[in-house]
Amino acid sequence: MELVDSSNHGMSILFSHYYSSLMYSGTDFLMKPVFLRGFSGSLHLVLLFVLFISWVCNKFKVAHSEGSKERFKNSKSLCYKLAQICCLGVSVFSLVLCLLSYFYWYRNGWSDEGLVTLLDLALRTLAWGTLCVYLRTQLFNSGESKYPFLLRVWWGFYLCISCYCLVIDVVLYKKHVSLPVQNLVSDIVSVVSGLLFCYVGFFGKNEGEDTLLEEPLLNGDSSNEAESNKSKGNENVTPYLNAGFFSILTFSWMGPLITIGNKKTLDLEDVPQLGPSDSVFGAFPNFKNKLEAECGTSNGVTTLKLAKALIFSAWKEVLLTAFLVIMNTLASYVGPYFIDNFVQYLNGRRSYKNEGYVLVSVFFAAKLVECLAQRHWFFRVQQVGIRVRSVLIIMIYNKGLTLSCQSKQGHTSGEIINFMTVDADRIGDFSWYMHETWMVLVQIVIALLLLYRNVGLASIAALIATVFVMLANVPLGKLQEKFQDKIMESKDKRMKATSEILRNMRILKLQGWEMKFLAKIMEFRKTEAGWLKKYVYTSAMTSFVFWGAPTFVSVVTFGACMLMGIPLESGKILSALATFRILQEPIYSLPDTISMVAQTKVSLDRIASFLRLDDLQPDVIERLPRGSSDTAIEIIDGKFSWDSSSSNPTLKDINVKLQHGMRVAVCGTVGSGKSSLLSCILGEVPKISGIVKLCGTKAFVAQSPWIQSGKIEENILFGMEMEREKYETVLEACCLKKDLEILPFGDQTVIGERGINLSGGQKQRIQIARALYQDADIYLFDDPFSAVDAHTGSHLFKECLLGLLRPKTVVYVTHQVEFLPAADLILVMKDGRITQAGKYSDILNSGTDFMELVGAHEKALSALDSTEAGSVSESTSEEAGNMASSNGVVQKQEDKDVQNGKADDVVGSKGQIIQEEEREKGKVGLSVYWKYITMAYGGALVPIILLAQVLFQTLQIGSNYWMAWATPISQDVKPAVSSSTLIIVYVSLAIGSSFCILVRAMLIGTAGFKTASQLFSKMHFCIFRAPMSFFDATPSGRIISRASTDQSTVDLRMQYLVSSFAFSMIQLLGIIAVMSQVAWQVFIVFIPVIATCIWYQQHYIPSARELSRLVGVCKAPVIQHFAETLSGASTIRSFDEESRFRDKNMKLADANSRPRFNIAGAMEWLCFRLDVLSAITFVFSLVFLVSIPEGVIDPGIAGLAVTYGLNLNMLLAWVIWNLCQMENKIISVERIFQYSSIPSEPPLVIEESRPDHFWPSHGEIDIRDLQVRYAPHMPLVIRGLTCTFPGGLKTGIVGRTGSGKSTLIQALFRIVEPAAGQIMIDGINISLIGLHDLRSRLSIIPQDPTMFEGTVRSNLDPLEEYTDEQIWEALDKCQLGDEVRKKEGRLDSTVSENGENWSVGQRQLVCLGRVLLKKSKVLVLDEATASVDTATDNLIQQTLRQHFSNCTVITIAHRITSVLDSDMVLLLSNGLIEEYDSPTRLLENKSSSFAQLVAEYTVRANSSFGK
C-alpha cells in the first residue's frame, strides 16, 4: 500500500508540472527539459501499469504445459538474454544517475526541473527493473516465440522519445543554453538502448544466436553448441582458432564451453581439440628442428641449448607477451603519475575547464589498457607453457624408447617418470615468470622517475632501500634453491621405492613385510620432510622480507625527505604511496621469480643430462633387405657386454650362422647367457667387437611377459590391421579360444596394469599370439613354455613352432629337454660361451655340458613307470582340445559359470577389472576445506594467522591514513603535526605491521608443514594396509600420481593458496572500507558490482573445476603409458613399433593439454570481466569525487581513497584468482583424502588370539567346506572344498589352468577372505588370528620371482632378523653361494631395480634362499621351478627334500615330475576336488585324470618333436 501511496503522490506532482508546462506560449513548452522529463516519466509509469496488469492476468491463467516451455527454451529466435541484460543495464544506470542527481540538487538547492528529473529517473529504475524480471520469469516460461506486440510498440515509442530528447539537447547546446551534464549522458544512453531494443524486438528473431552484440561481456545461450560438441565428439577444434578480433579481445570464444559446463558435468569429449600451433603434432617438429640446429646430436644437448630451442620455438608469443608486459607496466603507472593533479584539483586548483572529467577519462583509459594487456599477457604465457610442457614430455618419452640398457640402469623408471611429471611441469610453469626477470628493472626505473618528480633527491634513498631489500633476498633465494634441490633428490628416492613396492605388493603381503617397507618409505619421507621444513621456513622469511619491503622503502624515503628538508604534501605522498604499492608487486614476485628461475634451471639441467644419456648403439646390427641373403642371422666373433666398464664380457667368442627356415634351440644352465644371446641378436646388448647381420623382420617373445593395459585384442594385433581369419588361426594355435570364452568380454576384456588379471600362462600365450600375428621372418622365443602347464606347452610347441612357424627362422631358449630334438641346431651355452653346437644326436655324445642337462631330465623321468605311461598314451589324444583356461585371478571378472554353462547376469563395463578413474563430481565440499584447515593442531593456528593479517591490514591502512591526514595539501598550508612526530608515528606503525607479517608467515609455514606430513602418513598407511584386490583394480599410476604430484601440491602450494585467499579477502574489505569512508555512496555501485562478480564466478567455477579434475584424470594415462613403454621398450623395439607408440604418446599429451588450455582461457574470460567491472566501480567513485562541490571532503583523504582504488581491479582479480586456484588445487587434497579412507585388511595382530611361538608345530592343514569368490557380485571360484593336508607330508596340487590352484593358496594366506567355510592349521582357525601372525609363520616361493633394489642381504632378510653366517648358509644351500662370492660386494653387492642384473632363474633361487632362512613348518611352492632348467629344478627339489623333510610342503606344479614324489596329490577342476590320493595309487587306476596327465607328459618327453 505504501508503494501505491508514494507513487500517487509522485504522480500528482508530475502531472501538475506537466500541465503547468502547457501554459507556455505556443510550442515553446515542447523544448523545455521539464516537459521532456515529465513526459518520459509518464511513459514509464504506463509501462509499469501494463506490466502489473499482465502479471495479474497470468496469475489467473491456467499453468502452461511443460511442452511449450521447452519449445521456448529450445527456440533460439529470441535474443531474450540480450534484452534482459539491456533492461538491467538501463535500470542500474538510471539508479546511479538518480542518486547523483539527488546529491547534486541536495547540494545546490531544489528546483521544479530537479524534482521532475529525479522522479523520472526513479520511475525509469523501477520500470526497467520490473521489465527485466518480467522477461526473466513470465516470457521465459511462456510458449511465445515473439515478444508481446504492446512491448514492441512501447520500445519503438521509447526510441522516438529518446531521439527527440537528444535532438533538443543538441539544439539547446547550440543556443548556448546551459544544461546539466547528466541530461545529455542520460539521453545518449536512452537512444543507444532504444536502438538495441528495437533491433531485438523487430529483427532479432531472424538473426538468432549469431548476433555480434551478444558476444561482449556475456556469452549467449549456447546449448546448440553444447549439442553439436557432443555429436562431433573430439572433432571440434577450439573456437579460439576462428574467433573474430572482438571475440579474442574479450575471450568470448570461451563462452560456449563455460555455458556447457553450467548445464552438465564436463567430460573430455566436450573439451575442444587444440589448434595446430598448440597441438604437439604442430609444435614438436618445430622444436625438434630448432634443437637439432643447436646441438646436432642428442648427446650434445646442454641446458643452455635446450632453453634456447624452447624459446625460439615460441618466439612470436614471447615477443608479443613482452610487448604486452611493457604496455601493462606503463598503464599501471598512469594512476600514480596523475594522482597529485587529482588531489590539487579537489583542492580547488583547476588548470582548465572540465579538468576533473579529463583526469577521470585518463584514469579509465589507463585501467582498460592495463586490463587488456594483462589478461592477454597471462593467457599467452600459459599457452606457451602448455606447449613447452607437451614438447618436453614427447622429448623425454622418445628418449626413454631409445635408451641403452646401461643408461637405464643408472636411472630407474620412477626417476625417468619424474622428469616427465615434475620437471616438464615446472619448466611449463616458468612461462609465468618468463618476463618477470627484466620487467622488475623496467618497473623500478619508472617508479624512481615518478618518485623523483614527487620527492626529488629522496628518490635516491628509495633506490638504495629497494636495492638493499632485493639483495637481502639473494642469500634466501640461494638457500631456497638448495633446499628445493634436496627435496627433489629425496623425492626421487622415495618415488623410486614407492613404485617398486607397488609393483611387488603381492609378495610383500604374502611374506608379511608390508609394514617394514612402509617404514622404509617413511624413512625416505623423513629425510624429504627435513628439507621441506627448512624450505618452508626460508619461504616464510622471504615472505616477511617482501611484505615488509614497501613499508621499509617508504619509511626510508620519507625519512630522507625530512632530513633533506624536502616539503611533504599529501598529493605527493599519495603519489609516492601509490608508486610503492605498484613497486611492491615486482618486489613481491621477485623471490618467487628467483626461486622459480632456480627450480627451472634445476629441472632443465636434469632433463638435459637425461637427454645426453647414451642411446642404444644404432650400428650393432647390420640389417640386410628382406630376401637379399640366404642367411637369416649371422654373428662373427661376437663379444658383448651389458656393462661396458666390466673386464668380464657377458658373451664372448660367439660365432653363429643360421639359414632361413632353421629351428634353433638354445639351452644351458641358469645364468649361462641364453637370454643375453637373444638380446644381442635384437641389438640390445652393447657390442664390444664382432659383426651381427640380420635379414628380414623380427618378432620377440620375452621371458617375463610384457602386456599392455588395454583390450586383449589390441595386445594381439599390436598395431596391425585386423584380419579375422589369421586372427582366429593364431588364437587357435595359442590355445586362447577357451580362455576368451571364459572371460566375460572375450577378447574385448580390458587387461589390468602389467596383465594383473591374467595368469602367468595366459600372459605368456597372449605374448606368443602377438608375435605370431606379426608374421615376421625371424622369431626369437625366450623360454615362453615354462609358465604354462605340460599339456599347453606341448600344444604350443607343436602348433606354433612346428606348425605356423615351420617356414620361418626360429630361435628358442628352453629348459625343457623334450623340446630339443625337434631343433635343426642346438646351441649349448655355458659362462657366456657357446660350448657345443649341432643336432641333438650329434652333441649328445660329444660333450659334458649337454649330457648334464639331459641326464637331469632322464633322472626326473625315471620316477615314472614307463609301462604305465605307454598304456595310457592312447587315451591322451582326445584330451588335446579339452583345455580350460584362466587362473583364479581372472575370475575376478564376472566369469561365466563354466560348470552350469550359464553366464553371470552382471555384464557391462563394471565387469572390467580396471574401472575408469573415479573423479569427484560437482563442488568440492566445504568439509574438504574444513578437514584441511583443522588438520594441524586441530586448527588452533588459524585464528592467530587471521588475526595477524587483520592487524597487518589495519596498521597498513592506518599508517597511510596518518600520512594523508597529517601532511598539508600544499606548501602554503600549515602542517597538522611536526615532521618528527609524523615520521615517528609512521615508523612505529610500520614496525607493528612487519611484526604481524613475521608471525603470520611463520605460523602458515608450521601449519602447512604439519598438515602435509599428516596427510602423507595417513594416505600411505591406508594404501599399505589396503587389501590386495585394491591393487589389482588400481593401476599404480593412480597411486603414484597421488604420492608425487598431489603430495607436492600439498607440500609446497596448498597452504599459501588457502592463506592468500583469506588475506586477499581481508585486503579487499580494507579497500572497500577506505573508499566508502570517504563517500559511502560508493557502496551503491559496490553492491551490484560485487553481486555481478559473484554471479560471474559462480558461472565460471563449475567448468573450471571439472576442467581441473580432467587435467588430473588425463595425466595418469600419460604416466602409465610411459611406464609401460619403459618396461617393454625391448619388445617394442623388437617389433619396430616405436613410431606407433610415439604417436600414441603425442595423442595422450594433447588430451592432457586440452583441459589446461581451456582452463587458461576460462580464467582470463573471468578476470577480463571482473577487471572491467572494477574499472567501472573505480571510475564511478572518481566521477562522484569530481562532481561534489569543493570543500565538502578532505582532498588528502579523498586522494587516499583513489590511491587504494587504483589497486581495486588488481585486488578484486586477485581475490577471484586465489579462489579459483584454491578450488582447483584443493582437488589434490580431495584426491589424497580419497585414498586415506580405503577399507583396510583385517588387523595384522589380534592380541587376544595370538598363536603361541611354536605354532604351527605339526603343520596339519584342515580345509572345511571352503568357498572363495573375489568380490561379492562375482561367482565362486572355489566351491565347497573339504580336505586335509597331513602335517609333515608333501602334497602336490595339479589341475588345468583356471581350476582354482592359485586361489586356494591365496585363501591360505588370506589374500582373499573365504566366503564360507574355514581353514584350520594345527587346530587354529586362520581367520581368527592376525594377518602378520599367519603370514610370517608360512613360507612361499611365488610364481614370479621378485627381487628388490638394494643388496643381496636386504633381499634375503629385509626384516634384519638373521646373522651373516645364517645368510651364507642359506645361499650355499640354494646353490648361489659361489655366485655371490664372485661379486665384489659379496652380501652387500647391489641388486638393481626388479633384480634386473640377475637372471630369472637366479631370482628364483634367491626366493628359495628366503624360505630356507625362514624355516617355516608350512611351505608353499607356486610354480617355483618354472624358470629354471631341469638340472637346477632337481637341485631345488633335493634341497627341499633335505631341509624340509618334516614340514608340510604344498606344491602347485606344471612339471608333473615335481609332484610325483609327493606323498599326496590333489587334482582340482573348476574349484572342486576331482581326485585326492597318493600318486602311486592314482597311477594304478589307469582311468584317473592324474594318470592321463602323467601319460601326456611322458609321451611328450619321449617323443622328439618333428624328428
Side-chain angles (χ1 to χ4, degrees), residues 226 229-230 233-234 238 254 257-274 382 385-386 389-390 421 425 428-429 914-929 931-932 1015 1019 1034-1035 1037-1050 1053-1054 1057-1058 1061 1097-1120 1148-1163 1165-1166 1216-1238:
N229 276 4
K230 200 70 188 142
N234 292 340
T238 172
M254 266 312 295
L257 187 67
I258 292 175
T259 309
I260 296 171
N262 259 307
K263 294 189 175 154
K264 62 185 273 279
T265 304
L266 281 183
D267 289 315
L268 193 59
E269 56 265 23
D270 300 316
V271 181
Q273 295 286 2
L274 298 173
Q382 287 182 82
I386 290 167
R389 204 181 131 275
S390 308
T421 52
D425 259 12
D429 288 344
I914 303 293
Q915 297 299 331
E916 275 216 6
E917 179 161 6
E918 66 304 330
R919 59 181 176 127
E920 304 285 341
K921 292 254 178 10
K923 198 163 185 174
V924 178
L926 280 177
S927 61
V928 176
Y929 291 98
K931 258 163 106 180
Y932 176 76
L1015 281 172
M1019 173 171 81
T1034 312
R1038 289 182 198 170
I1039 303 175
I1040 284 175
S1041 83
R1042 280 169 175 82
S1044 65
T1045 321
D1046 294 327
Q1047 186 62 44
S1048 246
T1049 304
V1050 172
R1053 300 250 345 241
M1054 205 60 230
L1057 285 172
V1058 174
F1061 169 67
Q1097 195 261 347
Q1098 292 303 321
H1099 187 66
Y1100 154 86
I1101 272 293
S1103 310
R1105 193 173 38 231
E1106 293 314 321
L1107 284 169
S1108 214
R1109 285 185 175 135
L1110 282 174
V1111 169
V1113 171
C1114 294
K1115 191 170 186 172
V1118 179
I1119 301 173
Q1120 194 183 333
L1148 288 172
D1150 262 358
N1152 191 7
S1153 300
R1154 269 156 58 198
R1156 284 170 189 264
F1157 176 82
N1158 285 288
I1159 283 176
M1163 184 77 235
W1165 175 91
L1166 176 70
I1216 299 288
W1217 190 83
N1218 274 324
L1219 175 63
C1220 298
Q1221 282 292 86
M1222 180 174 77
E1223 279 234 295
N1224 290 345
K1225 293 290 178 193
I1226 196 80
I1227 291 167
S1228 287
V1229 178
E1230 181 184 52
R1231 282 160 56 92
I1232 289 178
F1233 279 148
Q1234 223 177 34
Y1235 276 17
S1236 302
S1237 52
I1238 309 165

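Since the model is a prediction, treat every value here as computed from it, not as a measurement.
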*asked:* Are the side chains of Met1222 and Leu1219 in contact, using a 4.5 Å heavy-atom criterion?
replied: yes
_Tyr929 side chain near Leu926 side chain, heavy-atom distance below 4.5 Å_ = yes
*asked:* Minimum heavy-atom separation for Val1229 and Val1050, please, with both atom names.
replied: CG2-CG2, 4.0 Å
*At what distance, to the nearest 0.5 angstrom, does CG of Asp270 lie from NZ of Lys263?*
12.0 Å
*asked:* Is any side-chain heavy atom of Met254 closer than 4.5 Å to one of Tyr1100?
replied: no
*Rounded to the nearest 0.5 Å, how far does CG of Leu1110 lie from CG of Asp267?*
7.0 Å
*Which residues pass the side-chain contact (heavy atoms from CB on, under 4.5 Å) test with Lys931, sequence neighbours left out?*
Phe1233
_Nearest heavy atoms of Ala1043 and Gln1047, plus distance in Å_ = O-CB, 3.2 Å
*Taking C-beta and beyond as the side chain, do Asp1046 and Met1019 meet within less than 4.5 Å on heavy atoms?*
no
*Would you check if the side chain of Arg1042 reaches a backbone N or O of Arg1231 as a donor-acceptor pair within less than 3.5 Å?*
yes
*Rounded to the nearest 0.5 Å, what's the gap from CD1 on Ile1101 to CD on Glu1106? Could you check?*
10.5 Å
_How close do Gly261 and Pro1102 get, counting heavy atoms only, and between which atoms?_
O-CB, 3.6 Å
*Could you give the distance from CZ (Arg1154) to CG (Leu1107), rounded to the nearest 0.5 Å?*
10.5 Å
*Is a side-chain N or O of Asn1158 found less than 3.5 angstrom from the main chain of Pro1155, in a donor-acceptor match?*
no
*Gap between atom OG of Ser1153 and atom CG of Leu1148 - 0.5 Å precision*: 11.0 Å
_Check: Ile1227 main-chain N/O paired with Arg1109 side-chain donor or acceptor under 3.5 Å_ = no
*What is the minimum heavy-atom distance between Asn1152 and Arg389, and which atoms define it?*
ND2-NH2, 2.8 Å
_Under 3.5 Å, is there a donor on one side chain and an acceptor on the other for Arg1053 and Ser1228?_
no
_Minimal non-hydrogen separation, Leu257 against Val271, with atom names_ = CD1-CA, 4.3 Å
*State which residues pass side-chain contact (heavy atoms from CB on, under 4.5 Å) with Ser1103; sequence neighbours excluded, sorted by chain then number.*
Ile258, Leu266
_By side-chain contact (heavy atoms from CB on, under 4.5 Å) - contacts of Thr421 (at least two apart)_ = Ile417, Asn418, Lys1115, Ile1119
*Kindly compute the distance separating CD (Gln382) from CD1 (Ile1159), expressed to the nearest 0.5 Å.*
9.0 Å
*Under 3.5 Å donor-acceptor, Arg1156 side chain and Ile386 backbone*: no
